[in-house]
Chemist: 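Before I ask anything, let me first share the structure, which is written out below as structure tokens.
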2 protein chains.
Amino acid sequence: MMGPMTTRSQPMVSEPRKALRVYLHLKDRILSGTLASAARMPSEPDLAIEHGVSRVTIRGALERLAEEGLVERRPGSGTYVRAASRSGAIVADFSNVFTHLVEMGRRTDVRLISFGYASPTPAVAEALGLGPGEEVQRSVRVRIADGTPFSYLVTYVPKRIGISYSEADLRSTPLLELLERSGARVASARQTVGATQAGPEIAEALGTETGAALLSITRIVKDEAGAGVEYLYALYRPDLYELQLDLERTKRGSAMRWAAKSPVATGRPANATEPRNPKKTGTGKRKTTR
Amino acid sequence: MMGPMTTRSQPMVSEPRKALRVYLHLKDRILSGTLASAARMPSEPDLAIEHGVSRVTIRGALERLAEEGLVERRPGSGTYVRAASRSGAIVADFSNVFTHLVEMGRRTDVRLISFGYASPTPAVAEALGLGPGEEVQRSVRVRIADGTPFSYLVTYVPKRIGISYSEADLRSTPLLELLERSGARVASARQTVGATQAGPEIAEALGTETGAALLSITRIVKDEAGAGVEYLYALYRPDLYELQLDLERTKRGSAMRWAAKSPVATGRPANATEPRNPKKTGTGKRKTTR
DNA sequence: CTAAGCTGTCTGGTGAAAAAGACAAGATCG
DNA sequence: CGATCTTGTCTTTTTCACCAGACAGCTTAG
């Protein structure tokens, strides 16, 4: 019960740093339209001079762009920009997250990584309004759609509520449904959205590389009495999951008020016909042919 | 109007790779509560063994955590976890973004980085419903609160609307107000939220390091006739800016519907009494005392 | 067809990050 | 007090990401 004994003794191809810079630079230029779409990019030697790095570094960046389908490499001819073709991502309507999650819980797989009871973090205890000695049930789950993991969920539920369902229940049923079933009267929720870099284990669980940007959502759910019911810390792969919110202007003179539109239920796990990023094998592409 | 001739020939302190891994690993453990708060962390030699790296690498990671206020280092005693103390960030209510932005536009500074007219990206043209030859006004702005830049905004406005205000107007007045003033009847908006890694120039503009995670918002604003008025691509520093949405359950039998709560106006640029991260000088912490 | 230019794939050389270890100074506990 | 922990700060050595350059195979322009 502590060091899970993961010695982390992989070969670890290790990640290029300069190449990352160039990669991000070019990605920005492509996405922001500074680099005309469908046009041919500068040649590798030119890019190498422009960025003050060697050609191998440039190649590293271009290979990555090619893997993500942002460019197309034609041997002997050049590297060509491909219009992003944004798609394949699950779109979640923000004002409708719960319903959506329930729907999704039935269409996606769940992998339960951790399950147990412990003392809450101060932050969690405060958010849920727990007493000093009160324990919480902590679970870590990974949600998978079409074989690809897209979200990493850490949930905290007060022990008194958590004991009403089993580990197996969590594996098969959305947490919110379990809470309802246990008699908790869910009434309100506060969600905070941010972003973080993926740590090594989370990156591995989500099939990304360490340091990748993830969408983070912290959700605090309370019942009718205002007591904390659930504390969720969720991380999403932004290429597979997006939040969406439609706003409408409420006609109210000069008040300039806006209201969330009615739930549109855009969500659809879908069969995502996308470039299907080959996972990048840790991060390296290094042939290691030697 | 193409290669801005940025030769990028900096010395480039270059970033540790292994240290980054350890840093992110420990950060995750602290934030997810696996590492008990206020407790003493394992000693540097222990961490070195656990992660299979040398002590200097561990120190690199710990120094970074200390800079962000996540841990406290006490010479001779140990390194102690500090409860995150989430604060200092501007909190924007999601369902109320517009009003909020208008308020903020008056309390924050704006730096206009780029301004001009050009052909839109296919994606932008489609989103705004533009004709083949129609041009857009493209502007890049950085918003600054208390001397610290926190958002990077790229906006596209159809030329016919864009010409109604000047470059100086953009510097001083929120875009949405300008659009209103020009007679556009803003009626609806769709926002999509995601995350990305900061490219070199964006990172510099926002005072973060290259590769840092940023919150991204894409907003498409339309008028009463359904014609596109504004396309916004915004990047936010997640440590300085958060989205928030309060949900309430609408009492409607078993329908399980949720609605956004009325605007609470939590936003407050504030004087952010936080650890005030010393900016990390590009990325390095290296003492360079020699 | 020929020549120029591009990507793909090697080679060996170089410098900085990381490793390994030693030592000092402060904290803690018996 | 004194033994033993901790972090802080040096050393020297090793490793590997990056660089420079060459060459093959392909595409395209002339």
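Below, chains carry the letters A, B, ... as their sequence lines are ordered, and counting in each starts from 1. Keep in mind the model is a prediction, meaning the values are calculated, not measured.
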Chemist: Taking the axis from the first five pairs and the axis from the last five, what angle separates them in the helix from C:dC1-D:dG30 to C:dG30-D:dC1, rounded to 10 degrees?
Modeler: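 If I round to tens, the end axes sit 30° apart.
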
Chemist: C:dC6 C1' sits how many Å from A:Leu47 CG, rounded?
Modeler: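 Nearest whole value for this atom pair: 12 Å.
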
Chemist: Tell me the interatomic distance from B:Arg59, atom CZ, to D:dT6, atom C1', rounded to whole angstroms.
Modeler: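 Between C1' of D:dT6 and CZ of B:Arg59: 11 Å.
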
Chemist: Residues two or more places apart in sequence or in another chain: which of them pass ring pair (Phe, Tyr, Trp, His ring centres under 6.0 Å) with B:Tyr156?
Modeler: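 B:Tyr156 satisfies ring pair (Phe, Tyr, Trp, His ring centres under 6.0 Å) with B:Tyr231 only.
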
Chemist: Could you go through nucleotides 19-22 of chain C and list every protein N or O atom that sits under 3.5 Å from one of its N or O atoms, giving the distance for each pair?
Modeler:
| from | atom 1 | to | atom 2 | distance (Å) |
| --- | --- | --- | --- | --- |
| C:dA19 | OP2 | B:Ser54 | N | 2.9 |
| C:dA19 | OP2 | B:Ser54 | OG | 2.9 |
| C:dA19 | OP2 | B:Thr57 | OG1 | 2.2 |

Chemist: When you check every protein heavy atom under 4.0 Å of nucleotides 24-30 of chain D, what one-letter string (B, S, -) results, 5' to 3'?
Modeler: -BBS---

Chemist: Applying side chain to side chain donor-acceptor pair (under 3.5 Å), can you list everything that pairs with A:Ser32, at least two apart in sequence or on another chain?
Modeler: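 Applying side chain to side chain donor-acceptor pair (under 3.5 Å) to A:Ser32 gives A:Thr34.
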
Chemist: Rounded to whole angstrom units, what separation is found between the CD1 atom of A:Ile49 and the C1' atom of D:dC19?
Modeler: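 Answer to the nearest Å: 14 Å.
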
Chemist: For the backbone of A:Leu206 and the side chain of A:Arg237, can you confirm whether one donor and one acceptor N or O come within less than 3.5 Å of each other?
Modeler: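 Yes, because the side chain of A:Arg237 sits within donor-acceptor range (under 3.5 Å) of the backbone of A:Leu206.
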
Chemist: Checking contacts here: which listed nucleotide (C:dG8, D:dT7, C:dC6) is nearest the side-chain heavy atoms of A:Ser43?
Modeler: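 Shortest atom-to-atom distance from the side chain points to C:dC6.
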
Chemist: Tell me every residue that passes salt bridge (charged side-chain N to carboxylate O under 4.0 Å, His left out) with B:Glu44, counting only those two or more places apart in sequence or in another chain.
Modeler: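 Only B:Arg55, B:Arg59, B:Arg73 meet the salt bridge (charged side-chain N to carboxylate O under 4.0 Å, His left out) criterion with B:Glu44.
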
Chemist: Taking only residues two or more places apart in sequence or in another chain, which ones pass side chain to side chain donor-acceptor pair (under 3.5 Å) with A:Thr192?
Modeler: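 Expected list: none.
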
Chemist: To the nearest Å, give me how far apart CD (B:Glu63) and P (D:dT7) are.
Modeler: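 Result: 12 Å.
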
Chemist: Just by modelled atom types, is the A:Arg21 backbone N or O under 3.5 Å from a matching donor or acceptor in the A:His25 side chain?
Modeler: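 Judged by distance alone, no pair lies under 3.5 Å.
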
Chemist: For B:Thr196, give me all partners under side chain to side chain donor-acceptor pair (under 3.5 Å), at least two apart in sequence or on another chain.
Modeler: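 None.
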
Chemist: Output the rounded distance in Å from CZ (B:Arg40) to P (D:dT6).
Modeler: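 Checked: the CZ to P distance equals 6 Å.
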
Chemist: Can you measure B:Met41 atom CE to D:dT7 atom P for me and round it to whole angstrom units?
Modeler: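 Taking CE of B:Met41 and P of D:dT7, I get 9 Å after rounding.
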
Chemist: Nearest whole angstrom, please: distance from the P of D:dA20 to the NE2 of A:His51.
Modeler: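 The distance from NE2 of A:His51 to P of D:dA20 comes to 15 Å, rounded to the nearest Å.
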
Chemist: Tell me every residue that passes side-chain contact (heavy atoms from CB on, under 4.5 Å) with B:Glu126, counting only those two or more places apart in sequence or in another chain.
Modeler: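 side-chain contact (heavy atoms from CB on, under 4.5 Å) list for B:Glu126, sorted by chain: empty.
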
Chemist: If I take atom CD in residue A:Glu44 and atom P in nucleotide D:dA22, what distance separates them, rounded to the nearest angstrom?
Modeler: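 These atoms are roughly 17 Å apart.
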
Chemist: Report the residues that fulfil side-chain contact (heavy atoms from CB on, under 4.5 Å) with B:Ala195, sequence neighbours left out, ordered by chain and then residue number.
Modeler: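 So B:Ala195 forms a side-chain contact (heavy atoms from CB on, under 4.5 Å) with A:Ala195, A:Ala213, A:Leu215, A:Pro238.
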
Chemist: Could you pull out all residues at least two apart from B:Glu135 that satisfy side-chain contact (heavy atoms from CB on, under 4.5 Å)?
Modeler: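 Partners of B:Glu135 by the side-chain contact (heavy atoms from CB on, under 4.5 Å) criterion, ordered by chain and then number, come out as B:Tyr117, B:Ser119, B:Lys159.
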
Chemist: Run the side-chain contact (heavy atoms from CB on, under 4.5 Å) test against B:Arg74 and tell me which residues pass, sequence neighbours left out.
Modeler: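 B:Arg74 satisfies side-chain contact (heavy atoms from CB on, under 4.5 Å) with B:Glu72, B:Ser77, B:Tyr80 only.
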
